[in-house]
Participant: 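Here you go, one structure.
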Amino acid sequence: MTFLSIYRSLHRHYGPQHWWPGETLFEIMVGAVLTQNTAWSNVEKAITNLKRARALSLSKIAAMPVQELARLIKPAGYFNVKARRLQNFCHWLQQQGGEKIVQQWDDNRLRHGLLSVNGVGPETADDMVLYAFERPVFVIDAYTRRLFARLGLVGGDEGYETLRHLFESGLSKTVKQREEQVKLYNEYHALIVIHAKDVCRKRPRCGECCLRRQCAAVE
DNA sequence: ACCCAGGGTCATA
DNA sequence: TATGACCATGGG
């Protein structure tokens, strides 16, 4: 089995996912913070609240009292933490001159810039880099670790960057074009998440295919 | 009633 | 470097 053959199997089974759910670049970035260790259905409620309050914009979130922001995003959980994180991120983005400026940066500068924000870790940054800015980085999340550890392609306890490079180099042998990489990484991560949810709901704690925390041999 | 989710930070050793 | 505590809502 290879990284590419597994992708093909997932794609054949589930079909294209067209991620990320979100209408604008900014909405995708907000969603990336809100979905930290949280079910997407809860994030949707929070985003709906922001839209209804006409608060889903860089300037609004940056200027809003943090308490008010926390109230709006409450359904997403960890609302006090995430309100601070969202504002940290928006303040940073404003200081850089906004999306249009940051969009012109090269991949590495963009990634490191995002990572410099308190509350934006590797996965959140890469969600933004891949899905909002359409740059070729492979997103590593808990499901990805568990699934590929199960399949025996990785150990599972590697660091984030190590894993990311394993995936990227494993796929770059056949997919070399930058835009093709973006599409592939985009679909691949989406398929992994869909697959994990699918398998887990069907067979909780089966001890074999299930990717929940307690099922997985790793962790 | 329990398990967990598309993580990240901070304090401690 | 590596653990552990902490954050919190809502669905299965």
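First the proteins, then the strands, lettered A, B, ... as listed; each starts at 1.
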Participant: Is the closest side-chain donor-acceptor distance between Asn88(A) and Arg85(A) under 3.5 Å?
Facilitator: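 The answer is no; no qualifying pair exists.
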
Participant: Taking the six-membered ring for Trp and the single ring otherwise, decide whether the centroids of Tyr14(A) and His195(A) are under 6.0 Å apart.
Facilitator: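 Centroid separation for Tyr14(A) and His195(A): below 6.0 Å.
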
Participant: Closest-nucleotide mapping onto DNA chain C: is Ser41(A) or Arg84(A) further toward the 5' terminus? I mean the 5' end.
Facilitator: Arg84(A)

Participant: Figure out the CZ/P separation between Arg145(A) and dG7(B), and round it to whole Å.
Facilitator: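 That distance rounds to 11 Å.
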
Participant: Distance check needed: dT9(B) P versus Phe89(A) CZ, whole Å only.
Facilitator: 14 Å

Participant: Can you identify which nucleotide, out of dC4(B), dA8(C), dT9(C), has its nearest atom closest to the Arg212(A) side chain?
Facilitator: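 Looking only at heavy atoms from C-beta outward on Arg212(A), the closest nucleotide is dC4(B).
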
Participant: Rounded off to whole Å, could you give me the CE-to-P distance for the Met128(A) and dG8(B) pair?
Facilitator: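 Between P of dG8(B) and CE of Met128(A): 10 Å.
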
Participant: Using the benzene-type ring in the case of Trp, are the ring centres of Phe167(A) and Tyr185(A) under 6.0 Å apart?
Facilitator: no

Participant: Asp127(A) CG to dG7(B) C1': how many Å, rounded?
Facilitator: 10 Å

Participant: Arg135(A) versus Val182(A): any side-chain heavy-atom pair under 4.5 Å?
Facilitator: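 SC-SC contact between Arg135(A) and Val182(A) ruled out.
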
Participant: Regarding Thr124(A) and Gln36(A), do their side chains bring together a donor and an acceptor under 3.5 Å, going by distance alone?
Facilitator: yes

Participant: According to a 3.5 Å limit on both distances, what stems of 3 or more consecutive Watson-Crick or G-U pairs are formed with DNA chain B?
Facilitator: B:2-5 with C:9-12, B:7-13 with C:1-7

Participant: Is Ile28(A) close to Met128(A) at the side-chain level, that is, under 4.5 Å between some pair of heavy atoms?
Facilitator: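 They are not in contact (no side-chain heavy atoms under 4.5 Å apart), so the answer is no.
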
Participant: How long is the line joining CD of Gln87(A) and P of dG8(B), in whole Å?
Facilitator: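 From Gln87(A) CD to dG8(B) P: 19 Å.
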
Participant: Whether the Ser5(A) and Thr2(A) side chains hold a donor-acceptor pair (N or O, under 3.5 Å, no angle test) is what I'd like checked.
Facilitator: yes

Participant: Using the P atom as the reference point in each nucleotide, state the distance between dG8(B) and dG10(C) in Å, no decimals.
Facilitator: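 Taking atom P in both dG8(B) and dG10(C), they lie 22 Å apart.
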
Participant: How many Å lie between CG on Asn37(A) and C1' on dG8(B), as a whole number?
Facilitator: 9 Å

Participant: Using a heavy-atom cut-off of under 4.0 Å over every strand shown, decide if Lys45(A) touches base, sugar-phosphate, or nothing.
Facilitator: sugar-phosphate

Participant: Figure out the CG/P separation between Leu34(A) and dG8(B), and round it to whole Å.
Facilitator: 13 Å

Participant: Are the ring centres of Tyr7(A) and His11(A) closer than 6.0 Å?
Facilitator: yes

Participant: Please tell me if the side chains of Leu86(A) and Leu34(A) come closer than 4.5 Å, counting only heavy atoms from C-beta onward.
Facilitator: yes

Participant: Just to confirm, is there a sub-4.0 Å distance from OP1 or OP2 of dG8(B) to any side-chain nitrogen or oxygen of Arg85(A)?
Facilitator: no

Participant: Under a 4.0 Å heavy-atom cut-off, which of residues 117-124 of chain A touch DNA chain B?
Facilitator: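 Within this stretch, Val117(A), Asn118(A), Gly119(A), Val120(A), Gly121(A), Pro122(A), Glu123(A), Thr124(A) sit under 4.0 Å of the strand.
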
Participant: With a 4.0 Å cut-off on heavy atoms, is Asn42(A) in touch with a base, just the backbone sugar-phosphate, or nothing at all?
Facilitator: base

Participant: In whole Å, I'd like the distance from the OH atom of Tyr143(A) to the P atom of dA5(B).
Facilitator: 5 Å

